[in-house]
Asks: 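The following block contains the structure, expressed as structure tokens.
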Amino acid sequence: ADFSLDQNYPNPFNPSTKIKFALPVKTNLTLSVYNTLGEKVAEIFNGELEEGYHEMMFNSSGLSSGIYFYKIESERFNATQKMILIK
């Protein structure tokens with residue numbers, strides 16, 4: 001098993017979308033959303049998770065239409081994916 005960050009679904013989305021990822025070991029991680037300027041606009045999760053397959057919902061209320069990036073960061077893995085919000 002490897003670390004992985006899947007494409008969100010649905011994409012484009014309004015107002016919420018599901019983000020799935022896999023962890024091969026128990027780890028501390030942060031799952032955040034950034035705008036195209038690189039500014040953090042939301043933190044979906046920050047803490048410790050067990051190994052396995054996880055999914056988190058992201059509700060975009062308060063954000064405008066556009067392209068956003070979601071990023072998973074841990075001690076051993078970093079990955080970024082693009083998502084599109086259409087209101």
Side-chain angles (χ1 to χ4, degrees):
D2 289 326
F3 286 98
S4 70
L5 178 61
D6 296 347
Q7 184 65 54
N8 64 303
Y9 180 82
N11 190 32
F13 68 98
N14 179 27
S16 61
T17 187
K18 189 180 300 184
I19 298 171
K20 297 181 181 182
F21 55 94
L23 305 173
V25 295
K26 183 177 181 178
T27 187
N28 284 308
L29 67 87
T30 304
L31 178 59
S32 303
V33 178
Y34 296 84
N35 63 19
T36 54
L37 299 175
E39 301 166 330
K40 184 188 283 191
V41 296
E43 188 169 272
I44 301 169
F45 183 83
N46 186 349
E48 188 173 69
L49 282 176
E50 296 292 330
E51 67 182 89
Y53 202 66
H54 302 274
E55 41 180 79
M56 307 251 170
M57 290 299 294
F58 172 59
N59 188 321
S60 66
S61 60
L63 296 178
S64 58
S65 295
I67 296 172
Y68 293 89
F69 298 91
Y70 56 101
K71 182 176 186 179
I72 192 170
E73 298 176 89
S74 73
E75 304 90 25
R76 298 169 48 193
F77 178 72
N78 291 319
T80 305
Q81 293 275 11
K82 180 171 74 170
M83 62 183 172
I84 301 170
L85 170 60
I86 297 178
K87 289 195 171 182

Asks: Using 0.5 Å steps for rounding, measure from the CG atom of N46 to the CD atom of E73.
Replies: 9.5 Å

Asks: Distance check, rounded to the nearest 0.5 Å: I72 atom CD1 versus I19 atom CD1?
Replies: 9.0 Å

Asks: Would you name the heavy atoms of L29 and L31 that are closest together and state the gap between them?
Replies: CD1-N, 4.2 Å

Asks: Does S64 have any side-chain contact (heavy atoms from CB on, under 4.5 Å) partners at least two apart in sequence or in another chain, and if so, which?
Replies: Y68

Asks: Closest approach of M57 and S16, non-hydrogen atoms and distance?
Replies: CE-OG, 3.7 Å

Asks: For the hydrophobic clusters of this structure (ILVMFWY residues joined by side-chain heavy atoms under 4.5 Å, transitively), does one cluster hold both F69 and M56?
Replies: no

Asks: Minimum heavy-atom separation for N8 and Y70, please, with both atom names.
Replies: N-OH, 2.7 Å

Asks: Taking atom NZ as the centre, does K40 end up with more than 12 heavy-atom neighbours from other residues, nucleotides or ligands that are less than 6.0 angstrom away?
Replies: yes

Asks: Only counting residues at least two apart or in another chain, list the ones meeting side-chain contact (heavy atoms from CB on, under 4.5 Å) with E50.
Replies: K26

Asks: Could you list all the ring-ring contact (aromatic ring centres under 6.0 Å, His included) pairs where at least one residue sits in residues 15-59, not counting sequence neighbours?
Replies: F21-H54

Asks: Is there a chain of hydrophobic side chains (I, L, V, M, F, W, Y, each step under 4.5 Å between heavy atoms) that links F13 to I67?
Replies: no

Asks: What pairs with N59 under side chain to side chain donor-acceptor pair (under 3.5 Å), at least two apart in sequence or on another chain?
Replies: S61

Asks: Only counting residues at least two apart or in another chain, list the ones meeting side chain to side chain donor-acceptor pair (under 3.5 Å) with N35.
Replies: E39

Asks: Any donor-acceptor pair under 3.5 Å linking the side chain of S32 with the backbone of E43?
Replies: no

Asks: If I compare all heavy atoms of N28 with all of E75, which pair ends up nearest, and what's the gap?
Replies: CB-OE2, 3.2 Å

Asks: Name each donor-acceptor pair under 3.5 Å that joins a side chain in residues 79-87 to protein atoms two or more places apart or in another chain, with its distance.
Replies:
from, atom 1, to, atom 2, distance (Å)
Q81, NE2, L5, O, 3.1
K87, NZ, S60, O, 3.4
K87, NZ, L63, O, 2.6

